[in-house]
Amino acid sequence: MLKRLIDEKREIDEVYAVGPIIMMKVIANLTRPYRIHTVVSLNPIMVDGTGMCGSCRVIVDGKTKFGCVDGPEFDGHKVDFENLTARNRRYLTEEQIALKRFTGAK
Amino acid sequence: MAEGKKKKKTKIVPKKYPMPEQNPKERVKNFDEVPLGQDGETAILEAKRCLQCKPSPNRKICKDGCPVEIDIPAFIKQVQEGDFAGAMKTVRDKQNLPAVCGRVCPYENQCEGMCVLGKKNEPVGIGRLERFLADWERNEQKHGKIELPPPTGKKVAVVGGGPAGLTVAGDLAKQGHKVTLFEALQYSGGVLVYGIPEFRLPKEIVRAEVDFIRRSGVEMRNDHVVGKLDTVDELLQEYDAVFVGTGAGLPNWTNLEGENLNGILSANEFLTRVNLMKAFNFPEYDTPIRVGKTVVTLGGGNVAMDCARTSLRLGAEESIILYRRSDAELPARREEVHHAKEEGVRFELLAAPVRYIGDDEGNVKQVEAVRMRLGEPDDSGRRRPIKIEGSNFIVDCQTVLIAIGQSPNPLVPMTTPDLKTTKWGTIAVDAEGRTSKKGVFAGGDISTGAATVILAMGDGKRAAKAMHKYLTEDASWPAPEVFEKAAC
Ligand SMILES: Cc1cc2nc3c(=O)[nH]c(=O)nc-3n(C[C@H](O)[C@H](O)[C@H](O)COP(=O)(O)OP(=O)(O)OC[C@H]3O[C@@H](n4cnc5c(N)ncnc54)[C@H](O)[C@@H]3O)c2cc1C
Ligand code: FES
């Protein structure tokens, strides 16, 4: 869809992508060759959300940033999505336990 | 036990009366407090060890070592006489957080470090006496009703609910000002709730102190991040004065290769997960924590000791502290180092990390470190650690905790353009806690850099005094040059 819009040569100055990591990654990869500025809204695992723990750290342009206070919007072309994907899988097992408890309790 | 009052010279008791502690083997399996406190009888005996030295210009005594100048000889005398309520009044005169400071103050460098008895024997256990009194007061519920003066009509905003902010809020409320405290987290207490572990400072105690302040009429707005939801400038439109006590919560990193691997956490993240979010109770509470078999903690301060000891309690089989200098330079309190060793924390001294090595899934599996030796003293007066080339070694581990210091929280300075900061990122203040922005005061770790609870509380007391003066008598403000110098 986005690709069609671009291919139709519509004038697009900026793209906002908010959603799952994989979707934001794909969109950023899609717009990169066209140099369309792309803003992504990241969802790293946060603990306090006040910039004091670094649980939410993401690599942007080779530098470590805190998603909660420096973001959550970043330039999609500069985000290290591999690292973010790996970091967000940190507590997968525990997340499943919590989900089971939650749904089971209902 | 009935000694003659003044005439008979009492015999010196060389050692402190022991304070019972949980057995190390047992306590590594729980989060309960390690030292168990003293009873009234022991407290009186301990107080009787005191020589009641008189202050004199050429001799320093306990009182001179106290950052907030508690009249120590006076309260000890009251304890000797069994007048706990009176003693507590003397303490409270200068001290807003006695139950906290009676546990976590570095007494050995402060009051007890100056104790005259301590020159040849063990000093009087001033810290444990303070703790005893505060606990006694809490248990006897002697907090009583809080008498408040008529309202002054002035409104004050306090940003940050750590020891500094709580002190300012409490002191100003007691003087009739309408205080609102804005705290980013869901509970107030700052490092006292998210950093210092339960086994050193039970959260119940912090809650009681926070409650006391709430009962003094302070309105607490939690989950409110100033700098995101609103700014100091906006607060100034609604309030007559603002105090900033946002602490030094920004973790320092090692900036080594592999630092963003899974399993590498800042001390703050680790301790917050455990203390504030109760991860040790997962899945009862939603926040998880996983430490694996071996935990490596980088650093040698109180924060590092807290991390290493907490790891054991979470079930780690091995908890290793990696510190680049030697035992003598460990910045942590001796008592904490001693407790850590008793519990089986392994100290890998004169060693520093070089890089972190991960597995295929992005989890840390090893730390590569290098041996160090001590060279000439550096600016801080401590001997500089120097790498021994070729001495690299590998430690297998599943978790790495980074406890190498904290920097001032940048959010408020960043969003308050005319608030001057120093090159360390601290907010520049004068002796009264005034900042470069009229009506805005600051204190605690945000203006001193990471320090101690008692210093933050002392800062709070000084600022509260200055704020009261500013609000009621004299609204003058220092010239900008004062802060130019501080901010250079
Ligand atoms: C693990 C650990 C162990 C320690 N052990 C000891 C010890 O044994 N003895 C000792 O004396 N000292 C110890 N310290 C140091 C001591 O805790 C601090 O010096 C003290 O807490 C500083 O108090 P503060 O009020 O300045 O800041 P903090 O306690 O850091 O409180 C600042 C508060 O401000 C809040 N805040 C920050 N930004 C905002 C914002 N933008 N809006 C709203 N709220 C905000 C934070 O959430 C926090 O609650 C330790 C520190 C740590 C981390
Ligand atoms: S969530 Fe803790 S620093 Fe961002």
Side-chain angles (χ1 to χ4, degrees), chain A residues 20-22 24-25 40-75 78-106, chain B residues 160 183-186 190-191 194-195 223-228 246-253 255 258-274 276-277 279 282-290 358-364 402 406-412 414-415:
Chain A
I21 299 177
I22 178 78
M24 295 189 280
K25 177 173 145 181
V40 290
S41 181
L42 303 184
N43 56 342
I45 300 177
M46 299 190 190
V47 176
D48 56 294
T50 72
M52 66 157 200
C53 81
S55 169
C56 61
R57 57 198 197 272
V58 288
I59 305 176
V60 181
D61 207 10
K63 292 192 198 81
T64 297
K65 297 272 175 200
F66 284 4
C68 69
V69 286
D70 299 329
E73 290 84 18
F74 293 101
D75 181 341
K78 294 184 175 156
V79 170
D80 179 341
F81 283 105
E82 308 309 315
N83 179 261
L84 180 60
T85 310
R87 284 189 63 76
N88 269 19
R89 294 176 60 85
R90 269 180 292 166
Y91 291 106
L92 215 55
T93 337
E94 287 83 352
E95 281 166 12
Q96 269 150 10
I97 297 174
L99 182 67
K100 262 208 205 108
R101 260 175 69 91
F102 181 67
T103 48
K106 258 190 185 170
Chain B
E183 164 57 51
L185 300 173
Q186 66 270 49
V191 171
Y194 77 73
D223 296 315
H224 188 120
V225 183
V226 173
K228 284 281 164 191
T246 47
L250 184 70
N252 294 345
W253 300 99
N255 295 320
E259 196 161 38
N260 286 334
L261 286 166
N262 292 342
I264 304 185
L265 289 72
S266 73
N268 271 357
E269 177 180 348
F270 177 68
L271 293 170
T272 303
R273 278 177 184 272
V274 180
L276 190 73
M277 315 292 194
F282 180 86
E284 215 60 44
Y285 285 79
D286 274 338
T287 305
I289 190 85
R290 193 190 308 138
D359 65 12
D360 297 340
E361 287 175 18
N363 302 313
V364 67
I402 302 182
Q406 266 117 242
S407 303
N409 205 319
L411 200 52
V412 167
M414 238 161 50
T415 50

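Chain identifiers are assigned alphabetically (A, B, ...) following the order of the sequence lines, protein sequences preceding nucleic acid strands; residue numbering begins at 1 within each chain.
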* **Interchain contact, A:R87 with chain B, by part (heavy-atom threshold 4.5 Å)** =>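 The answer is both parts of A:R87.
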* To do: Pick one of side chain, backbone, both or neither for B:F270, based on which atoms fall under 4.5 Å of a heavy atom in chain A.
  =>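 Neither; nothing under 4.5 Å.
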* To do: For atom CD of A:E73, decide whether the heavy atoms of other residues, nucleotides or ligands shown that lie under 6.0 angstrom number more than 12.
  =>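 Counting neighbours around CD of A:E73, more than 12 heavy atoms of other residues, nucleotides or ligands fall under 6.0 Å, so yes.
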* Give a yes or no on this: more than 12 heavy atoms of other residues, nucleotides or ligands lie within 6.0 Å of atom NZ of A:K78. =>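 Not buried by this count: 12 neighbours or fewer within 6.0 Å.
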* Where along residues 58-66 of chain A does a heavy atom come under 4.5 Å of chain B, listed by residue number? ->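 So far as heavy atoms go, A:I59, A:T64, A:F66 are the residues that approach chain B to under 4.5 Å.
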* Asked: In Å, rounded to the nearest 0.5 Å, how long is the span from CG of A:D48 to CZ of B:R273?
  ->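 Separation between the atoms: 10.0 Å.
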* To do: Starting at CE of A:M52, measure out to CG of B:N409 and round the result to the nearest 0.5 Å.
  =>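 Here the rounded value is 9.0 Å.
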* Heavy-atom pairs under 4.5 Å with chain B are the metric here; pick the option from A:G49, A:S55, A:G51, A:A86 that has the most. =>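 Of A:G49, A:S55, A:G51, A:A86, A:S55 has the most heavy-atom pairs under 4.5 Å with chain B.
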* To do: With a 4.5 Å cut-off on heavy-atom pairs, point out which of B:L265, B:N260, B:L261, B:L411 contacts chain A the most.
  =>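 Of the candidates given, the most pairs with chain A belong to B:N260.
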* Does A:P72 reach the side chain of A:N43, with side-chain heavy atoms less than 4.5 Å apart? ->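 SC-SC contact between A:P72 and A:N43 ruled out.
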* Between B:L250 and B:P408, is any pair of side-chain heavy atoms under 4.5 Å apart? ->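 No, their side chains stay 4.5 Å or more apart.
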* To do: Please answer whether the main-chain N or O of B:G263 pairs with a side-chain N or O of B:N363 as donor and acceptor at a distance below 3.5 Å.
  =>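 Pair absent, no side-chain N/O of B:N363 close to backbone of B:G263.
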* Consider only side-chain N and O atoms of B:N268 and B:S266, and report whether a donor and an acceptor are under 3.5 Å apart. =>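 On atom types as modelled, these side chains do not qualify, holding no pair under 3.5 Å.
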